[in-house]
Amino acid sequence: MSKFLISAESIGKSFGKLQVLNKATFALAEGEFVAVTGKSGVGKSTLLGVLGTLDPAFTGKLIINGTNIAEASSPELAELRREFMGFIFQDFHLLPNLSAIDNILLPAVFSGTDTGKVRADAAAILSRLGLRNDNTPTKFLSRGERQRVASARALVNNPRVLMADEPTASLDQESEENLFDLLDSLRREKGFAIIAVLHSKKILSRADRVLELKEGVLHEKHA
Ligand SMILES: Nc1ncnc2c1ncn2[C@@H]1O[C@H](COP(=O)(O)OP(=O)(O)O)[C@@H](O)[C@H]1O
Ligand SMILES: [Mg+2]
């Protein structure tokens with residue numbers, strides 16, 4: 001068994017003639033915080049999509065929690081995502097007319113899970129993230145609050161890896177730092193790893209490693 005949660009070797013990914021990833025190699029250890037940077041359009045979201053098993057059409061070798069992704073069935077991948085990963089997307093993907101807690105409970109409702117326990121866990125994580133647990137539709141929340149709802153949803157199933165794609169884009173600096181304070185203290189407490197696409201120098205300086213994606217390859221920026 002590998003000591004890595006995720007091990008990606010020579011990952012390639014093209015859209016038609018556009019080769020976005022080309023021999024991208026990467027490993028994520030338990031509890032580690034890895035930041036990915038790079039210019040707009042360089043392929044950071046594409047990389048996260050592959051590592052998050054949301055995009056099956058790639059080349060190279062990807063092993064997640066001991067599973068060879070190229071050989072896994074789609075129900076196996078769905079289970080891996082549900083049990084092992086949490087996602088914070090760039091535009092959050094919240095349903096605007098549902099409250100914070102209902103957004104968080106939605107995956108459990110769809111998968112037919114008993115929502116009782118999830119409801120208690122969701123309430124706990126919302127309060128931990130400093131959010132009101134009321135009926136306010138998320139469309140009335142500020143961007144910073146919506147981002148914390150998205151974070152709570154990503155963490156409610158106690159993932160081993162939190163993947164976040166520019167979660168702090170267009171937030172003011174204080175909200176950005178507050179969110180990372182929270183995510184980082186939760187990481188230390190619960191032991192999950194973080195892989196996040198980030199730009200802010202201040203937040204980058206907290207990462208264990210910073211990788212720059214350039215011409216389809218990941219380069220280590222500092223240890
Ligand atoms: N589904 C897609 N079909 C075609 N081209 C795509 C698709 N997704 C992304 N691309 C292209 O791949 C490149 C990398 O995109 P992306 O991963 O979103 O970059 P980044 O997140 O670094 O800004 C861009 O040129 C983008 O236009
Ligand atoms: Mg992107």
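Note: hydrogens, waters and symmetry copies are ignored here, and every other heavy atom, side chains too, is used. Order of appearance sets the numbers: ligands from 1, and atoms from 1 within every ligand.
Under 4.0 angstrom from ligand 1, the non-hydrogen atoms of L18 all belong to its side chain. Contact annotation: for V20 versus ligand 1, heavy atoms closer than 4.0 Å belong to the side chain alone.
Between the side chain of N103 and the backbone N or O of L95, at least one donor-acceptor pair lies under 3.5 Å. A donor-acceptor pair under 3.5 Å is formed between the side chain of T25 and the backbone N or O of S10.
Closest to atom 23 (O) of ligand 1 among all protein heavy atoms lies G41 N, 2.7 Å. For atom 18 (O) of ligand 1, the closest heavy atom belonging to the protein is S45 CB, 3.7 Å. For atom 1 (N) of ligand 1, the closest heavy atom belonging to the protein is F15 CE2, 3.6 Å.
By the 4.0 Å N-to-carboxylate-O rule, D55 lies close enough to K13 to be salt-bridged with it. A salt bridge is absent between D91 and R143; no separation between the charged side-chain nitrogens and carboxylate oxygens falls under 4.0 Å.
Only protein atoms were considered; those of element N, O or S under 2.8 Å from the Mg ion (ligand 2) number 1.
A 6.0 Å sphere centred on CG of N68 holds more than 12 heavy atoms belonging to other residues, nucleotides or ligands. In this structure, E174 places its CD atom where only 12 or fewer heavy-atom neighbours from other residues, nucleotides or ligands lie under 6.0 Å away. Shown here is Q19, whose CD atom has more than 12 heavy atoms of other residues, nucleotides or ligands within 6.0 Å. Within a 6.0 Å radius of CD in Q173, no more than 12 heavy atoms belonging to other residues, nucleotides or ligands are found.
No option in D134, I104, D121, V156 other than I104 meets the side-chain contact (heavy atoms from CB on, under 4.5 Å) test with L126.
The protein does not reach atom 27 (O) of ligand 1 closely, with no heavy atom under 4.0 angstrom from it.
Applying the 4.0 Å criterion to heavy atoms of K39 picks out, from ligand 1, the atoms 22 (O). Near T46, with a cut-off below 4.0 Å to any heavy atom, the atoms of ligand 1 are 14 (C), 15 (O), 16 (P), 17 (O). Listed by atom number, the atoms of ligand 1 under 4.0 Å from S40 heavy atoms are 23 (O).
On a distance-only criterion, G43 and ligand 1 share at least one N/O pair closer than 3.5 Å.
At a cut-off of 3.5 Å, with distance as the only test, a side-chain donor of R81 or T53 sits close to an acceptor on the other residue.
The shortest side-chain heavy-atom distance between F192 and I194 falls under the 4.5 Å cut-off.
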